[in-house]
Amino acid sequence: MTEENTYIEQRKKKVEELRSEGISPYPQNLKPTHTASEILKKFDDKKGPELEGLKEQFALAGRVIFLRSFGKAAFLKIADRTDKIQIYIEKQILGDEQFKLFKNIDVGDFIWVQGSLFRTKTEELTLKATALKIATKTVRPLPEKWHGLQDIETRYRQRYVDLIVNPEVKKAFLTRSKVLQALRDFFGKRDFLEVETPMMQPIPGGAAAKPFITHHNKLDMDLYLRVAPELYLKRLVVGGLERVFEVGRNFRNEGISTQHNPEFTMLEFYQAYANYEDLMKLTEELLEELATKTNGSTKIKYEDAEINFKSPYPRLTMKEAVKKYTKQDPNKLSTEKLVNIFEEEVESKLIQPTFITQFPTDFSPLARKNDQDPMVADRFELFIYGREIANGFNELNDPEDQAERFKAQVEALHKGNEEAMHFDADYIQALEIGLPPTAGEGIGIDRLVMLLTNSSSIRDVILFPQLRSKEEKS
RNA sequence: GAGGCGCUAGCUCAGCUGGUAGAGCAUUUCCCUUUUAAGGAAAGGGUCCCGGGUUCGAGCCCCGGGCGCCUCACCA
């Protein structure tokens with residue numbers, strides 16, 4: 001049971017009133033002929049007299065988001081998926097019976113209206129209703145019109161309300177959708193195949209992260225929610241799918257923050273015969289395209305910064321970056337110290353898109369060693385606004401080397417490092433069948449969308465972010 | 001996990017030094033045929049997050065708990 005209040009009681013009474021008059025509060029088959037934006041666009045430049053000369057009738061459907069009544073006339077606004085448009089109601093035009101029906105309508109209800117167009121005294125394009133139907137009677141009130149819904153917790157828990165009353169929220173998710181569409185186009189054009197690999201994996205792999213565990217009853221086996229699709233995607237390259245990409249959810253059993261949600265969306269792609277330098281170039285092209293398609297420009301505003309996605313992006317080795325941004329001599333540092341100092345002192349300074357290359361091999365168990373310096377891997381990460389956005393490298397395709405790396409990981413796992421990788425014998429077998437020279441990359445889509453929508457929290461780009469459940473009273 | 005801040009009407013918020021719980025919007029009723037935060041008149045609406053404690057008396061003070069946000073830690 002949900003909690004009741006006088007608002008809901010009053011509106012449930014209205015539902016009963018409708019029923020007692022033989023009107024369904026939840027009817028079907030009410031078809032609009034137009035959308036709000038179609039009408040607003042098409043008649044944008046038409047003056048009042050021109051509109052009133054039109055014989056055309058327009059049927060619209062949407063949610064009433066605004067209502068102002070004057071006794072025998074009223075203005076209301078309805079919102080459909082495209083836009084908002086004003087409706088004018090007049091008793092004389094609508095007739096007594098329909099006007100009585102209108103009196104039953106509250107803000108929040110869905111209605112269907114038909115009528116002609118005109119302009120009000122203030123030149124607002126408005127539909128003059130000649131017919132009106134209730135499409136869905138609603139019983140719970142929406143937040144008030146000025147302040148809307150501010151409470152962050154309620155916004156996340158009741159995203160459906162947030163989407164109705166906070167337009168910028170809808171806009172962010174439209175942008176997110178555009179990003180996904182654009183990146184599919186981008187890889188499609190380049191002959192990449194979109195694939196789907198298991199989210200439930202018997203052996204978690206592909207990233208250093210603590211997995212969620214679940215259980216399959218019939219098989220009586222534990223399964224892990226994937227922390228990355230990487231090892232499966234490379235199996236596909238072994239199988240001859242030379243260019244693959246997957247965009248989908250990864251799950252990591254870690255803390256939650258403005259940068260972390262337990263389930264998040266990752267793009268991973270693999271290209272045979274490419275190397276990590278090719279991928280840096282590809283990444284530059286991709287980000288330029290995504291920024292342009294979502295913001296109309298390669299320059300975007302993010303918090304206090306202006307970020308320019310125009311390529312090329314500076315490339316620094318990790319050691320060069322430490323040298324440039326700190327007072328440390330990178331050659332005198334241990335591998336661990338180097339990485340620590342990089343993370344603590346350098347990352348936050350990488351505001352404009354910057355590639356950092358040559359990561360220590362010890363920290364890159366799936367990456368191919370550099371031919372000149374086996375201590376480092378041919379790997380890069382892309383940082384923007386101090387955040388890691390992408391991670392790519394030449395794939396390690398030497399099965400013996402990979403087996404050694406797995407063994408080191410398993411050792412770490414046994415020492416209590418819950419994020420270390422497991423030994424994946426089948427993956428080694430796949431490498432024995434043969435992975436052509438390949439480079440691969442992962443891009444954190446949520447974090448990228450944060451940048452493109454100027455969102456400070458990952459929760460603002462995930463429709464239903466993970467929250468602790470509240471005590472249910474039901 | 002630690003610290004800080006917050007939780008009061010459907011929504012947004014006020015509530016002083018502990019003394020009968022408030023406003024705006026919204027709702028209900030009445031008036032109102034071109035409004036743009038429409039206007040006028042009246043009315044109703046509260047588990048002050050939860051549980052203890054102190055007190056003659058707690059929204060306010062103390063203790064414990066819940067949920068959220070932020071910072072840090074953790075986390076590629």
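All values below come from the heavy atoms of this structure, side chains included, with hydrogens, waters and symmetry mates left out. Labels below follow one simple rule: chain letters A, B, ... track the order of the sequence lines, proteins then strands, and each chain is numbered from 1.
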Rounded to the nearest angstrom, tell me the gap between atom [atom1] in [X] and atom [atom2] in [N].
X	N	atom1	atom2	result
R468(A)	G65(B)	CZ	C1'	12 Å
N104(A)	U27(B)	CG	P	14 Å
E418(A)	C74(B)	CD	P	15 Å
D162(A)	C11(B)	CG	C1'	13 Å
I8(A)	A9(B)	CD1	C1'	13 Å
R155(A)	G68(B)	CZ	P	15 Å
E419(A)	C75(B)	CD	P	5 Å
Q150(A)	U8(B)	CD	P	14 Å

message: Tell me if the side-chain of E144(A) makes a donor-acceptor pair with the base of G10(B), cut-off 3.5 Å, by modelled atom types.
response: no
Distance-only donor-acceptor test (3.5 Å): side chain H260(A), base C75(B): yes
When you compare [N] with [M], how far apart are their [atom1] atoms, in angstrom units rounded to a whole number?
N	M	atom1	result
A21(B)	G57(B)	P	16 Å
C16(B)	A58(B)	C1'	15 Å
U35(B)	U71(B)	C1'	47 Å
C49(B)	U8(B)	P	6 Å
C13(B)	G59(B)	C1'	14 Å
G24(B)	C67(B)	P	36 Å
C11(B)	U55(B)	C1'	35 Å
G39(B)	G45(B)	C1'	24 Å

Heavy atoms only, 4.0 Å cut-off, all strands: where does [X] land among base, sugar-phosphate and nothing?
X	answer
K13(A)	nothing
A207(A)	nothing
L142(A)	nothing
F363(A)	base
G444(A)	nothing

Name the pairing partner of [N], where a pair is Watson-Crick or G-U wobble with both distances under 3.5 Å, or state none.
N	result
A41(B)	U29(B)
U34(B)	none
A2(B)	U71(B)
U54(B)	none
C7(B)	G66(B)
G59(B)	none
A21(B)	none

task: Determine whether the aromatic ring centres of F380(A) and F393(A) lie less than 6.0 Å apart.
output: no
query: Do the ring centers of F118(A) and Y88(A) come within less than 6.0 Å of each other?
result: yes
Among U28(B), A26(B), C67(B), the nucleotide that comes nearest once only the side chain of E153(A) is considered: C67(B)
query: Of the nucleotides C13(B), G45(B), U71(B), which has the atom closest to the T258(A) side chain?
result: U71(B)
- prompt: Using a cut-off of less than 4.0 Å, is there contact between a side-chain N or O of R157(A) and OP1 or OP2 of C69(B)?
  reply: no
message: If the threshold is 4.0 Å, N to carboxylate O, is there a salt bridge linking K234(A) and E230(A)?
response: yes
- prompt: Salt bridge between E153(A) and R157(A), side-chain N to carboxylate O under 4.0 Å?
  reply: yes
query: Does the ring of Y232(A) carry R235(A) above it, NZ/CZ under 6.0 angstrom from centre and within 45° of its axis?
result: yes
message: For nucleotides 29-37 of chain B, give me one character per nucleotide, 5' to 3': B if any protein heavy atom sits under 4.0 Å from the base, S if the only such contacts are to the sugar-phosphate, - if neither.
response: ---BBBBBB
Pairwise 5' ranking along RNA chain B for Y7(A) and P365(A), keeping only the more 5' one: Y7(A)
query: What heavy-atom pair brings H422(A) and F406(A) nearest, and what distance separates the two atoms?
result: O-CD2, 3.6 Å
Plane angle bin for F187(A) and F269(A) - parallel if under 30°, tilted between 30 and 60°, otherwise perpendicular: tilted
- prompt: Just by distance, do the side chain of E284(A) and the backbone of Y313(A) share a donor-acceptor pair under 3.5 Å?
  reply: yes
Passing option when D401(A) is tested against K369(A), R368(A), K407(A) for salt bridge (charged side-chain N to carboxylate O under 4.0 Å, His left out): K369(A)
- prompt: Of K133(A), R63(A), R11(A), which is the lone residue that meets salt bridge (charged side-chain N to carboxylate O under 4.0 Å, His left out) with D109(A)?
  reply: R11(A)
